[in-house]
Amino acid sequence: MADMACWLVKTEPDIFSIEDFARERVTDWTGVRNYQARNFLRAMKVGEPVLVYHSNAEPPGVVGVARVHKQAVPDPTQFDRQSEYFDSKATKDKPRWFCPDLEFVEKLKRMIPLDELRSLKALDGFRLLERGSRLSVIPVLDKHFNTILKISSKNSR
DNA sequence: GCCAACGTTGGC
DNA sequence: GCCAACGTTGGC
């Protein structure tokens with residue numbers, strides 16, 4: 001299909017791990033509160049593949065694959081006073097934050113830790129690896145996506 | 001727990 | 001619109 005994009009989303013395993021994701025199968029990716037990341041969430045189209053990354057983990061790294069299940073809609077947590085993601089400046093008419101539904105696809109046979117990602121020449125230019133990269137949602141080039149899938153199917157580095 | 005690298009907020 | 005102060009992310 002033309003102009004299919006690939007993505008990577010970060011999640012903290014203490015909060016929502018790939019195992020949690022595998023149990024839930026489909027989850028709305030709520031709580032992203034960064035405008036650039038939000039714009040990426042809104043650009044996600046149904047069917048596009050998504051790498052799942054564990055941040056704040058030991059070790060951090062890519063752990064699985066998901067797929068966009070539903071186009072982004074206004075993130076309900078921005079309207080929920082009880083939620084830590086409540087945003088008093090957001091209104092139903094003018095929502096600020098959006099979340100797509102993501103569907104679990106698979107857990108990688110072998111998680112690819114960050115230090116290994118950094119060691120791969122084939123991942124030159126991968127945004128995740130750039131200095132100071134903090135975005136929790138980033139686009140991934142096809143070739144980078146495929147490189148990661150390929151090495152994860154091997155037993156070791 | 002530290003801190004670099006960002007992003008956001010708000011006074012002016 | 002500038003920018004200092006503050007908050008957050010996330011690797012280490």
Side-chain angles (χ1 to χ4, degrees), chain A residues 5-24 27-44 48-68 72-102 104-141 143-145 147-152 154 156-157:
Chain A
C6 306
W7 306 95
L8 177 144
V9 295
K10 297 181 184 174
T11 182
E12 300 194 26
D14 290 350
I15 295 167
F16 188 79
S17 70
I18 192 71
E19 290 78 17
D20 296 328
F21 199 170
R23 271 191 298 275
E24 286 193 21
T27 189
D28 46 346
W29 209 259
T30 60
V32 172
R33 294 294 180 268
N34 169 287
Y35 288 105
Q36 217 181 330
R38 176 203 66 184
N39 294 343
F40 288 141
L41 288 179
R42 295 192 78 178
M44 287 182 176
E48 289 177 341
V50 182
L51 294 171
V52 180
Y53 177 90
H54 276 176
S55 62
N56 265 321
E58 189 46 58
V62 176
V63 290
V65 180
R67 182 186 299 126
V68 180
V73 296
D75 180 341
T77 64
Q78 70 194 305
F79 307 122
D80 177 3
R81 291 193 169 276
Q82 311 305 319
S83 169
E84 61 173 310
Y85 300 119
F86 176 69
D87 184 340
S88 61
K89 299 207 181 99
T91 65
K92 303 252 178 184
D93 283 347
K94 284 206 157 187
R96 273 192 171 182
W97 308 112
F98 292 80
C99 62
D101 274 4
L102 299 184
F104 175 83
V105 173
E106 64 177 351
K107 192 173 157 177
L108 296 185
K109 274 207 196 88
R110 173 177 90 78
M111 82 99 75
I112 313 300
L114 181 59
D115 64 349
E116 183 174 353
L117 296 174
R118 288 194 195 285
S119 76
L120 292 169
K121 201 75 188 152
L123 293 183
D124 273 3
F126 186 18
R127 188 159 178 173
L128 177 78
L129 307 178
E130 275 165 21
R131 162 191 166 81
S133 158
R134 297 189 311 169
L135 269 191
S136 64
V137 182
I138 58 181
V140 179
L141 297 177
K143 60 178 183 179
H144 292 158
F145 196 99
T147 297
I148 291 169
L149 284 195
K150 197 184 289 178
I151 59 169
S152 73
K154 295 178 186 155
S156 64
R157 29 179 108 182

Under a 4.0 Å heavy-atom criterion, DNA chain B is touched by chain A from dA5(B) to dT8(B)
Sorted by number, the residues of residues 84-99 of chain A with heavy-atom contact under 4.0 Å to DNA chain B: none
Sequence neighbours left out, what passes side-chain hydrogen bond (donor to acceptor under 3.5 Å, both in side chains) with R33(A)? Give chain and number order. D75(A), T77(A)
Hey, are D87(A) and W97(A) close enough side-chain-wise for a donor-acceptor pair under 3.5 Å? yes
Going by the rule side-chain hydrogen bond (donor to acceptor under 3.5 Å, both in side chains), which residues pair with R23(A) if we only count those two or more places apart in sequence or in a different chain? D20(A)
Other residues, nucleotides, ligands: >12 heavy atoms within 6.0 Å of R42(A) CZ: no
Non-neighbouring partners of E19(A) that pass side-chain hydrogen bond (donor to acceptor under 3.5 Å, both in side chains), sequence neighbours left out: S17(A), K107(A)
Applying the side chain to side chain contact (heavy atoms under 4.5 Å, CB included) test to K10(A), which of L128(A), I138(A), L135(A), V62(A) qualifies? L128(A)
List the residues meeting salt bridge (Lys or Arg N to Asp or Glu O under 4.0 Å) with R81(A), not counting sequence neighbours, and say none if there are none. none
